[in-house]
Amino acid sequence: MGKKRREPLEIGHNLSFSFDDEQHLFIEPDAILRCAGKTMAFDVETAGLHWWRDRQIMMGIYCPRAEGGHLEGCIITDTPARWEAVRDNLYKISSVPGTVALAHNIKFDANFQALELWRMPWQIYDTAHMAHLDDSRQSKRLGDVEKVYLGTDSKRTHLGALGGDRRHMSNVRLATAAVYCINDCRVTYELARALTPVVNKHGLWSVLLEDMRYTGLLQRMERDGVPMDLEYIEHSRAFMKKRQDEKQSELWNLSNGGKSWNWRSPQLMSRILYDKMGVARPINPYADADGVDRSRFADRGMYNKTMTNSFILMEKAKHPLGPLVAELRETDKMLDVLELWTYLMDGNLLHTSLNQSRTRTHRLSAGEPNVQNMPSDVRGRAHTQVYSGDFTRQDEFKLRLAIKAPPGYLFDSTDYKQQEMRMFAILAKEPFMMESLRARRDIHADIAEAVWGVRDPVHREWSKTIAFGLIYGMTAGSLEHRLNTTREEAFRIADQYRAKFPRVMPFLKETIAYCKQYGYLKYWNGKLWRENEESYMYKGANALVQGGSAELLKVAGLRCQALLEGEFAGAGRLVIPVHDEWVFLLKEEVLPELAPRIAKVMECEDIFNLPFATEVKVAERYGALVKWEDWQKGERKVANWLGDSYEKQEEEPAEESNEEVEEIWEGLKG
DNA sequence: GCGACAAGCGCG
DNA sequence: AAAGCGCGCTTGTCGC
């Protein structure tokens, strides 16, 4: 069960050097002052990856034009005094005009050295991000980027000299680590030199400067952290553990006569749920006559070898244990989340890692923990496939309830309404959508009515689910299976879409044609999406929309930050971005004035001459958000998970299905 | 024992 | 092409 997590190692190296000729590798904290007004690269070596609890060992500096001549060397930061001296000196030079700081993944180094980049006036350049701006597809590891832009492979040369456990600097002789560290600084410096004309050539210099300001904002959110309610986490964990035990026994009883088996293995589950229980496997529509799927997408879709994902189990196989399996897996997944949160917790704070240079489309990604995929309070019955009416999870499963504002503060979540639809409409100049959005009508409901002739919530949700599928090239065959409908109906729906949106197909065609000609696409702000393989260029339209939306969210976030540093200084802070949403912590008393201002700023009407409509929700807990208008009327979602709320809420839906299962089981025994 | 891959599922 | 797109995290499996 519990994942093996590596503990940070003790720093056991010997601080006295055996060879005099190694002394030149090391410099004192005051040497940093020689970099004032100059361009310098820095890099830290650490005994772990978590800045809020792991130790920093050394900082390397590389500054060829330092005052008094070329400077390179490592500063040992093993004592608080030395570490603080480094920090103080970096702050000093950061306010000297002309100082430029270079680093590869600068947030990592800055976090360990407690440099708050957002309030340091020097200009920073992150070489990983510069490489990302040139080609978002490539690996951003220092060694890889060095090979691409400098044509050298010094990383490997030095790695070979390390010996021992190379993953941790603490296991390496100090002098060896210093050589390695200084080399990284030198490579970073040379990379910045090589990448500057590249970024400039793409016309992306001002975007780079904006992105570097964004780096500061992201770092600030990481450091401030997400405030968590440890009491909720403990309660929820205990509840789910108990629930998991119950469900597991139930599964074993109903599938294997009470004998245990590892339901986490899809292979085993496939054999037991289908072969042993004698339930027919769904027919793979892409398989040959002998039942074998020989298409190149055989292992990609829902109809894989095991056919045990919840959608297939419930909607296709109609397996009587489908709901039970789904619930067991959901509980298991959420217990994993709680375990990770607990492992990463810093007091009551979670410091996520927001990665600016990882995704193909220039979206952000988040990890340790991923704050962009936390279970919300509602979910579809069959996960992300067919919408069949959603329901609210019970409190113990609404993990967002664990995120709790400090006293006097409230969470403000401002998100875009149909952000990607809006972006698509603008980029494709799609008249029906533009009109619907400009008139502030509900576009998904409009589409539902046009296609199905029904405006109810279920059809609206269907529309949401498949809209982008159709826009980005989903075929009628795939649609047929997604909607669990007939081939004819799928074709009819697809045709309705194309008729309703005359610009959809031309936009796709034009996008592909552009990409064929240039090998890349350009976002509304100039960022590149490269693709050379013709068969993948259909993905470009999605990239323009998804990535373009991410760029809008970035601009909106920076503008909100300016608001919170200026007119509303001290009123609150940004907490996390979630693709089409900014989450804020705001002082309760300024919220009535501030929330509408934020909502307005985020609309960014000046950029496209069309507002990106926003919606404000408010709550003490992220998992209990209420529309701002309703909040003002006194509406609250009460998180009454303490005490006996579970017993009160528990429903009894299991009776019928259990009988059904018992019958099957009785039949099997006989 | 480790890395790579598959499967599964959480989010937008 | 019987292709919606983009992520992160965990477990199981298999080969080295």
Side-chain angles (χ1 to χ4, degrees), chain A residues 1-4 136 167 262-270 284-288 293-313 325-326 328-337 339-341 352-353 355 358-376 378-380 382-385 393 397 399-400 415-416 418-420 424 464-482 487 494 508 529 535-547 549-550 553 576-581:
Chain A
M1 268 270 287
K3 187 197 167 191
K4 274 179 283 173
S136 65
R167 296 162 309 177
N262 184 2
W263 47 266
R264 290 187 182 87
S265 161
Q267 278 183 24
L268 193 52
M269 178 172 285
S270 189
N284 182 341
Y286 309 122
D288 295 335
D293 183 354
R294 292 186 179 78
S295 76
R296 55 179 291 193
F297 305 106
D299 59 346
R300 192 202 276 184
M302 310 177 292
Y303 293 95
N304 54 26
K305 291 176 210 123
T306 61
M307 296 209 199
T308 50
N309 79 52
S310 294
F311 173 71
I312 291 286
L313 237 33
V325 167
L328 195 52
R329 286 202 188 118
E330 181 185 39
T331 312
D332 200 42
K333 172 114 184 158
M334 293 200 181
L335 279 168
D336 282 344
V337 172
E339 195 187 342
L340 181 62
W341 284 2
T352 185
S353 179
N355 202 321
R358 188 113 109 201
T359 70
R360 185 81 163 75
T361 58
H362 301 276
R363 258 192 180 183
L364 294 174
S365 80
E368 287 212 299
N370 184 349
V371 291
Q372 296 184 319
N373 75 341
M374 291 181 296
S376 67
V378 292
R379 66 139 195 246
H383 304 271
T384 56
Q385 309 296 336
R393 290 178 163 115
F397 290 78
L399 297 194
R400 293 183 185 199
D415 70 340
Y416 290 110
Q418 310 112 17
Q419 186 194 21
E420 292 203 348
F424 181 90
K464 267 177 74 173
T465 306
I466 65 173
F468 281 103
L470 282 163
I471 287 171
Y472 299 134
M474 184 193 280
T475 60
S478 178
L479 188 63
E480 170 190 347
H481 297 106
R482 281 219 173 201
R487 176 62 59 115
L508 282 172
W529 184 85
S535 59
Y536 291 142
M537 289 181 183
Y538 72 94
K539 296 180 180 182
N542 172 267
L544 289 174
V545 172
Q546 191 187 101
S549 298
L553 192 78
I576 46 169
V578 195
H579 303 307
D580 66 345
E581 167 191 17

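Each chain gets a letter, A, B and so on, in the order its sequence line appears, and its residues count up from 1.
- Considering only the side chain of A:Asp580, B:dG12 comes nearest among B:dG12, C:dT11, C:dC9.
- Residues satisfying the side-chain contact (heavy atoms from CB on, under 4.5 Å) criterion with A:Pro369, sequence neighbours excluded, are A:Leu340, A:Trp341, A:Leu344, A:Leu350, A:Thr352, A:Val371.
- Nearest to the side-chain atoms of A:Lys539 among the listed nucleotides C:dT13, C:dC5, B:dG12 stands C:dC5.
- With hydrogens and angles left out, the side chain of A:Gln372 and the base of B:dC11 share no donor-acceptor pair within 3.5 Å.
- Look at CG on A:Asp332: it is 12 Å from C1' on C:dC9, rounded to the nearest Å.
- Contact annotation: A:Asn304 side-chain N/O to B:dG8 OP1/OP2 distance is under 4.0 Å.
- Comparing B:dG10, C:dC7, C:dG4 by their closest approach to the side chain of A:Pro375 singles out B:dG10.
- Considering only side-chain atoms of A:Glu368, the nucleotide from B:dC11, C:dC9, B:dC9 that sits closest is C:dC9.
- Going from the P atom of C:dC5 to that of C:dA1 covers 16 Å, rounded to whole Å.
- Checking the phosphate oxygens (OP1, OP2) of C:dG6, no side-chain nitrogen or oxygen of A:Ser365 falls inside 4.0 Å.
- Going from atom CG of A:Leu268 over to atom P of C:dT13 covers 7 Å, rounded to whole Å.
- Backbone-only contact: A:Arg360 has heavy atoms under 4.0 Å from sugar-phosphate atoms and none from a base.
- Among B:dG10, B:dG12, C:dG12, the nucleotide with an atom closest to any side-chain atom of A:Asn262 is C:dG12.
- An OP1 or OP2 oxygen of B:dA7 is reached within less than 4.0 angstrom by no side-chain nitrogen or oxygen of A:Arg329.
- A:Arg400 comes within contact range of the sugar-phosphate backbone alone, with a heavy-atom separation under 4.0 Å but no base atom that close.
- For A:Arg363 and B:dG12, a side-chain-to-base donor-acceptor distance below 3.5 Å is present, hydrogens and geometry of angles not being considered.
- Residue A:Glu420 is classed as having no contact, given no heavy-atom separation below 4.0 Å to the nucleic acid.
- At least one donor-acceptor pair under 3.5 Å links the side chain of A:Ser549 to the backbone N or O of A:Val545.
- Contacts of A:Ser549 with the nucleic acid, taken as non-hydrogen atoms under 4.0 Å apart, are absent.
- Residue-level contact check: A:Ala541 touches neither bases nor backbone, having no heavy atom under 4.0 Å from any strand.
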Report task. Please test A:Thr331 against A:Phe397 for side chain to side chain contact (heavy atoms under 4.5 Å, CB included), starting from the C-alpha separation and ending with a verdict. Result -> CA-CA 8 Å; A:Thr331 312; A:Phe397 290 78; 3.6 Å; yes
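- One atom, CD1 of A:Ile312, and another, P of B:dA7, lie 12 Å apart when rounded to the nearest Å.
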Report task. Check step by step if side chain to side chain contact (heavy atoms under 4.5 Å, CB included) holds for A:Ser270 and A:Met307. Result -> CA-CA 7 Å; A:Ser270 189; A:Met307 296 209 199; 5.7 Å; no
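- Residues passing the salt bridge (Lys or Arg N to Asp or Glu O under 4.0 Å) test with A:Glu581, sequence neighbours excluded: none.
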Query raised in the report: Dot-bracket, DNA chain C: Watson-Crick or G-U, under 3.5 angstrom, [ ] crossing, | other strand?
Result: ....||||||||||||
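- Each of B:dG8, B:dC11, C:dG4 was ranked by its minimum atom distance to the side chain of A:Thr306; first place goes to B:dG8.
- Between A:Thr361 and C:dG6, a side-chain N or O to OP1/OP2 separation shorter than 4.0 Å is absent.
- Atom CG in A:Asn370 sits roughly 17 Å away from atom P in C:dG6 (whole-Å rounding).
- The CG-P distance, from A:Leu328 to C:dT11, rounds to 14 Å in whole Å.
- Backbone-only engagement by A:Gln267 is indicated by non-hydrogen atom pairs under 4.0 Å involving sugar-phosphate atoms exclusively.
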Query raised in the report: Where do A:Met374 and A:Val578 land on the side chain to side chain contact (heavy atoms under 4.5 Å, CB included) test, with the steps shown first?
Result: CA-CA 10 Å; A:Met374 291 181 296; A:Val578 195; over 6 Å; no
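- The salt bridge (Lys or Arg N to Asp or Glu O under 4.0 Å) search around A:Arg329 returns none, not counting sequence neighbours.
- Among the protein residues, A:Met374 comes within range of the sugar-phosphate backbone only, with heavy atoms under 4.0 Å from sugar or phosphate atoms but none that close to a base.
- Put simply, CE on A:Met334 is 15 Å from P on C:dT10, counting in whole angstrom units.
- Note on A:Thr308: every side-chain N or O is 4.0 Å or more away from OP1 and OP2 of B:dA7.
- Under a 3.5 Å cut-off, the side chain of A:Gln267 and the backbone N or O of A:Thr306 do not form any donor-acceptor pair.
- Checked against side-chain contact (heavy atoms from CB on, under 4.5 Å), A:Thr359 has the following partners two or more places apart in sequence or in another chain: A:Thr361, A:Arg363, A:Ser365.
- Taking A:Ser353 as the reference, A:Glu222 meet the side-chain contact (heavy atoms from CB on, under 4.5 Å) condition, with sequence neighbours excluded.
- Checking the phosphate oxygens (OP1, OP2) of C:dT13, a side-chain nitrogen or oxygen of A:Ser265 falls inside 4.0 Å.
- What separates CZ of A:Phe424 from C1' of C:dG4 is a distance of 12 Å, to the nearest Å.
- For the pair A:Glu330 CD and B:dG8 P, the interatomic distance rounds to 17 Å; values are reported in whole Å.
- With B:dC9, B:dG12, C:dG6 as the choices, the nucleotide that has an atom nearest any side-chain atom of A:Thr359 turns out to be C:dG6.
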